[in-house]
Peer 1: 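Before anything else, here's the structure in question.
Naming convention: chains lettered A, B, ... in sequence-line order (proteins, then strands); numbering from 1 in each chain. Just so it is clear, the values below take in all heavy atoms, side chains as well, and ignore hydrogens, waters and symmetry mates.
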There are 4 protein chains.
Amino acid sequence: MLISADPSDDQPIYQQIVDQLRQLVAAGTLQPGDPLPSVRQLAADLGVNLNTVAIAYRELAGEGLVKIKHGRGARVTAAREQRFDEEQVRKLLVPILSKMILAGKTDREIVGLLREELHNIRGDKT
Amino acid sequence: MLISADPSDDQPIYQQIVDQLRQLVAAGTLQPGDPLPSVRQLAADLGVNLNTVAIAYRELAGEGLVKIKHGRGARVTAAREQRFDEEQVRKLLVPILSKMILAGKTDREIVGLLREELHNIRGDKT
Amino acid sequence: MLISADPSDDQPIYQQIVDQLRQLVAAGTLQPGDPLPSVRQLAADLGVNLNTVAIAYRELAGEGLVKIKHGRGARVTAAREQRFDEEQVRKLLVPILSKMILAGKTDREIVGLLREELHNIRGDKT
Amino acid sequence: MLISADPSDDQPIYQQIVDQLRQLVAAGTLQPGDPLPSVRQLAADLGVNLNTVAIAYRELAGEGLVKIKHGRGARVTAAREQRFDEEQVRKLLVPILSKMILAGKTDREIVGLLREELHNIRGDKT
DNA sequence: GTGGTCTAGACCACG
DNA sequence: GTGGTCTAGACCACC
């Protein structure tokens, strides 16, 4: 099982699924053309409702990261570069960095932690 | 006015207040022992509901970043008393990094962007 | 009532809602800044489920045509030009034009019908 | 081969077949009385399920565009027998036009695009 | 009050 | 089998 869902998390379940699938694609664990688990299958595995998974898949389809074919499942899209809003990313980053600074982390430590996470994500790449 | 509230932002207003206050403390603009504006005062200045500000203060108190004294306002706590959940920070980081990777950013670019934001936050230091 | 929903239509209800709201914005009947009916209100008016309307609103938010604010309803976004996929539009157009040609319509008649519809949509504009 | 089926298209395959056959008749490439390829033949050529083609043929028969004779294949009908639901065509047109208007297209541009597509369809005429 | 999320369970469309 | 849509009804988050 590559995906998990935690109902007690702050993030809604469908968003957790989106984030994890995006991570798997970023990592290369899921390659373009690879099939995603069926909506029903994943819902059963995670113990959540079918609709919750369907919403996650629809979101990913809207981003262009996966392509859904009626009656034949969903697959990772041929790698197009995703758009992303740099301004928004910076805004998301600020509170996280603030927290780390308040925890007494040095710049060196913060950059180190970031590199670790980058490596964790990219590590699986084929 | 060091704080602003933008109702058209994606973040809820109380969260915006929390983030900005945290950033001010991280930057050193607000020092341990400094008083926060009163809930009424800040609510009036921002033109938001009094409850909204109160929730923000309670959140910061929960983090240990400020200490609320009944009837005597809130003050920034000593740095020692703050908690830091590294696991949570990493979890917040992963979706952001995944998006940047999918957008084709190199590690170098990502680290560069992070350093810029670190500098922005720390730059304000008195 | 400016919006209607027909469960017997080929289009799913949420799509009908999306299309009609888009049309109202294109017509200028709904101006930037105007509030949309609340999810619950519109659902009650149309006699459909709350979720069905919520899906429609989420879709419009994703397109950037409306902005949803938690706890404070949805409003038409300040007019940014929408992106659109010309290739896709052409592909949608072909079957429609084929049908009209098969019905014996001349080019003149087809263009006339198109101009009529354009006028119908744009007519309400302030 | 005048027809193709693209499983990665948004349209369902049976619909692609319907649209293409209709276009061929509109263009005059298929004339009244001409036989359609057999269901088995077309399914084999396109590499799709036999049922999928059968559904497409049934749809065209329902429109009155072709006539299916048991055991003797399908033929394009005389032009007279075709129905045309103008109201439906207008309803299909509105969402497309709305999108183009919101994309900032002028009436001139929209009519121009339509004329191009009309010409593309009619150009094939024998 | 508002919108957001989730569930359980139903029925339909596609191949 | 697959995904798509819808319902009824619940509970939560924001202001």
Peer 1: Toss me the dot-bracket line for DNA chain F: Watson-Crick and G-U wobble, both under 3.5 Å, 5' to 3', using | for pairs to another strand and [ ] for crossers.
Peer 2: ||||||||||||||.
Peer 1: With sequence neighbours excluded, tell me which residues meet side-chain contact (heavy atoms from CB on, under 4.5 Å) with B/Ala5.
Peer 2: B/Ile13, B/Leu46, B/Val48
Peer 1: Side-chain atoms of residues 62-71 of chain A: list all donor-acceptor pairs with protein atoms under 3.5 Å, sequence neighbours left out, distances to 0.1 Å.
Peer 2:
| residue | atom | partner | partner atom | Å |
| --- | --- | --- | --- | --- |
| A/Glu63 | OE1 | A/Arg22 | NH1 | 2.9 |
| A/Glu63 | OE2 | A/Arg22 | NH1 | 2.6 |
| A/Lys67 | NZ | D/Ser8 | O | 3.1 |
| A/Lys67 | NZ | D/Asp10 | OD1 | 3.4 |

Peer 1: My understanding is that only residues two or more places apart in sequence, or in another chain, count here; which of them pass side-chain contact (heavy atoms from CB on, under 4.5 Å) with C/Val94?
Peer 2: C/Ser98, D/Gln23, D/Glu117, D/Ile121
Peer 1: Pull out every residue in residues 54-64 of chain B that has a heavy atom closer than 4.0 Å to any atom of DNA chain F, ordered by number, or say none.
Peer 2: none
Peer 1: Among residues two or more places apart or on two chains, list those pairs meeting salt bridge (Lys or Arg N to Asp or Glu O under 4.0 Å) that have a residue in residues 44-60 of chain C.
Peer 2: none
Peer 1: Nearest nucleotide by nearest heavy atom, which residue falls closer to the 5' end of DNA chain E, A/Leu50 or C/Leu36?
Peer 2: C/Leu36
Peer 1: Take atom CG of B/Asp10 and atom P of F/dC14, then tell me their distance rounded to the nearest Å.
Peer 2: 14 Å
Peer 1: Would the distance check show the side chain of C/Gln15 and the main-chain N or O of C/Gln11 forming a donor-acceptor pair, the cut-off being under 3.5 Å?
Peer 2: no
Peer 1: For C/Thr52 and F/dT7, is the shortest distance between a side-chain N/O and OP1 or OP2 below 4.0 Å?
Peer 2: yes
Peer 1: Answer with yes or no whether A/Asn51 presents, from its side chain, a donor or acceptor under 3.5 Å of a partner atom in the base of E/dG9.
Peer 2: yes
Peer 1: How many whole angstroms separate atom CD1 of C/Ile13 from atom C1' of F/dT5?
Peer 2: 8 Å
Peer 1: For A/Ser38, check side-chain contact (heavy atoms from CB on, under 4.5 Å) against everything at least two apart and list the hits.
Peer 2: A/Arg40, A/Gln41
Peer 1: Within the sub-3.5 Å range, which N or O atoms of nucleotides 11-13 of chain F have a protein N or O partner, and how far apart are they?
Peer 2:
| residue | atom | partner | partner atom | Å |
| --- | --- | --- | --- | --- |
| F/dA13 | N3 | C/His70 | NE2 | 2.9 |

Peer 1: Can you name the side chain to side chain donor-acceptor pair (under 3.5 Å) partners of D/Gln88, sequence neighbours left out?
Peer 2: none
Peer 1: The criterion is salt bridge (charged side-chain N to carboxylate O under 4.0 Å, His left out); which residues satisfy it with B/Asp9, sequence neighbours excluded?
Peer 2: A/Lys91
Peer 1: To the nearest angstrom, how far is B/Gln11 atom CD from F/dC15 atom P?
Peer 2: 10 Å
Peer 1: Quickly work out the B/Asp9 CG to F/dC14 C1' distance and round it to whole Å.
Peer 2: 14 Å
Peer 1: For C/Glu86, which residues count as a salt bridge (charged side-chain N to carboxylate O under 4.0 Å, His left out) partner, sequence neighbours excluded?
Peer 2: C/Arg90
Peer 1: C/Ile68 has an atom CD1; how far is it from atom C1' of F/dC15, in whole Å?
Peer 2: 16 Å
Peer 1: Once you round it to whole Å, what is the distance between C1' of E/dT5 and CD of A/Gln16?
Peer 2: 12 Å
Peer 1: Could you tell me whether C/Asn49 contacts a base, only the sugar-phosphate backbone, or nothing, with contacts defined as non-hydrogen atoms closer than 4.0 Å?
Peer 2: base
Peer 1: Could you state the CD-P distance from B/Gln15 to F/dC14, rounded to the nearest angstrom?
Peer 2: 8 Å
Peer 1: When you measure from the side chain of C/Glu81 to the backbone of D/Leu102, do you find a donor-acceptor pair of N or O atoms at a distance under 3.5 Å?
Peer 2: no
Peer 1: Tell me what D/Val48 touches on the nucleic acid: a base, only sugar-phosphate, or nothing, going by heavy atoms under 4.0 Å.
Peer 2: nothing
Peer 1: Would you please name every residue forming a side-chain contact (heavy atoms from CB on, under 4.5 Å) with D/Pro95, sequence neighbours left out?
Peer 2: C/Asp19
Peer 1: Roughly how many Å is it from CG in C/Leu42 to P in E/dT2, rounded to a whole number?
Peer 2: 12 Å
Peer 1: Side chain of A/Gln82, backbone of B/Lys99: donor and acceptor closer than 3.5 Å?
Peer 2: no
